[in-house]
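Just so it is clear, the model here is predicted, and its values are computed rather than measured.
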Amino acid sequence: MRYFILILTIIVTSCNDPIFVPKPRMYPRVDFPQGTMVRVQQDYCKLSFEFPDYSTTVRDSFFFDGQPADPCWFDLRIPALNAEIHCSYTAIDDKTKFDDLISDAFKLAGKHNTKANYRKESLIENKVEKVYGLLFNIEGPVATPIQFYLTDSTSNFFRGSLYFNDKVDPDSTKVLVDFLSKDINHMIETFTWR
């Protein structure tokens, strides 16, 4: 009976100590911005599109050694997600310049091949508005997970790429990329030349 009471006492007193279990790794909660689609149309650009009003358009005034190649270089800033979509426009003078712009778009997307896990290319074709191009979805720890270019194949070329102003961790940015890809797709679908 003494041993029974001793064992029972040990069991009861040992149950009072909390058991520490490590918590799983978590990422911060993201509060996605709410917005309505508005037409983005700047007087210094020959284009327009729809994008949510939670972004702001900031004209790019500096490019490496000086001024941008065209006044229609701007960023769509999304402060709630610490992201930007860099946008650039170039007028096409001849076939050689057009070929160079397409080549540059593939080179810029290809720079991520060393770190990318996967790259999907989707054809863009809107015959009514004469908007054609390619959308690059790049998965993995890359700086620009979404890139695209749009052109009318004769005189206009537009390029966009999504950047996060923070370290890119595919596990934590995937939800942001998924959220923004819907808005970027809408931007492409509503894109028009002026």
Min side-chain heavy-atom separation F164-N82 under 4.5 Å: no

Minimum-distance pair of heavy atoms, taken over all atoms of I124 and L135: CD1-N, 3.8 Å

Of all pairs that satisfy ring pair (Phe, Tyr, Trp, His ring centres under 6.0 Å), the ones with a partner from residues 171-194, not counting sequence neighbours: F32-F179, F158-F191, F191-W193

ILVMFWY network linking L134 to V142, side-chain heavy atoms under 4.5 angstrom: yes

For the student: nearest non-hydrogen atoms of S153 and T151, plus distance: N-OG1, 2.9 Å

Evaluation steps, side-chain contact (heavy atoms from CB on, under 4.5 Å), between F49 and L150: CA-CA 12 Å; F49 53 86; L150 304 171; over 6 Å; no

Cysteine SG atoms at C87 and C72 closer than 2.5 Å: no

Linked, directly or transitively: L180 and V175 (ILVMFWY side chains, under 4.5 Å): yes

Heavy-atom closest contact (I78 atom, S55 atom, distance): CG1-CB, 4.0 Å

Spatial distance of atom NZ (K95) from atom OG1 (T154) [nearest 0.5 Å]: 12.0 Å

Value rounded to 0.5 Å, distance of CG in D183 from CD1 in I188: 11.5 Å

Atom pair OG (S48) and CE (M187), whose distance is rounded to the nearest 0.5 Å: 10.5 Å

4.5 Å side-chain heavy-atom contact, R39 and T190: yes

For N126 against E189, the heavy-atom pair lying closest together: ND2-O, 4.0 Å

Minimum side-chain heavy-atom gap I85-L162 below 4.5 Å: yes

Donor-acceptor contact below 3.5 Å, side chain W73 vs main chain Y89: yes

Co-membership, hydrophobic cluster, residues F98 and Y149, 4.5 Å side-chain: yes

Heavy-atom side-chain contact between K107 and S103 under 4.5 Å: yes

Side chains of T173 and P145 in contact at under 4.5 Å (non-hydrogen atoms): no

Spacing of OH belonging to Y163 relative to CG belonging to N165, to within rounding of 0.5 Å: 11.0 Å

Non-hydrogen side-chain atoms of I102 and F157 separated by less than 4.5 Å: yes

Test item: L47 and T192 side chains (from C-beta on) under 4.5 Å apart, heavy atoms: no

Interatomic distance, K120 atom NZ to I146 atom CD1 [nearest 0.5 angstrom]: 11.5 Å

Side-chain heavy-atom pair R159, D104 within 4.5 angstrom cut-off: no

Cluster check V30, I184: I/L/V/M/F/W/Y, side chain < 4.5 angstrom: yes

From CA spacing to verdict: side-chain contact (heavy atoms from CB on, under 4.5 Å), K97, T90: CA-CA 10 Å; K97 184 163 190 166; T90 305; 3.5 Å; yes

Hydrophobic cluster membership, I138 vs L176, 4.5 Å side-chain cutoff: no

Aromatic contact, F136 with F106 (centres under 6.0 Å): yes

Residue pair T36 / D53, side-chain donor-acceptor N/O under 3.5 Å: yes

Interatomic spacing from OG1 in T57 to CD in Q42 - rounded to 0.5 Å: 5.0 Å

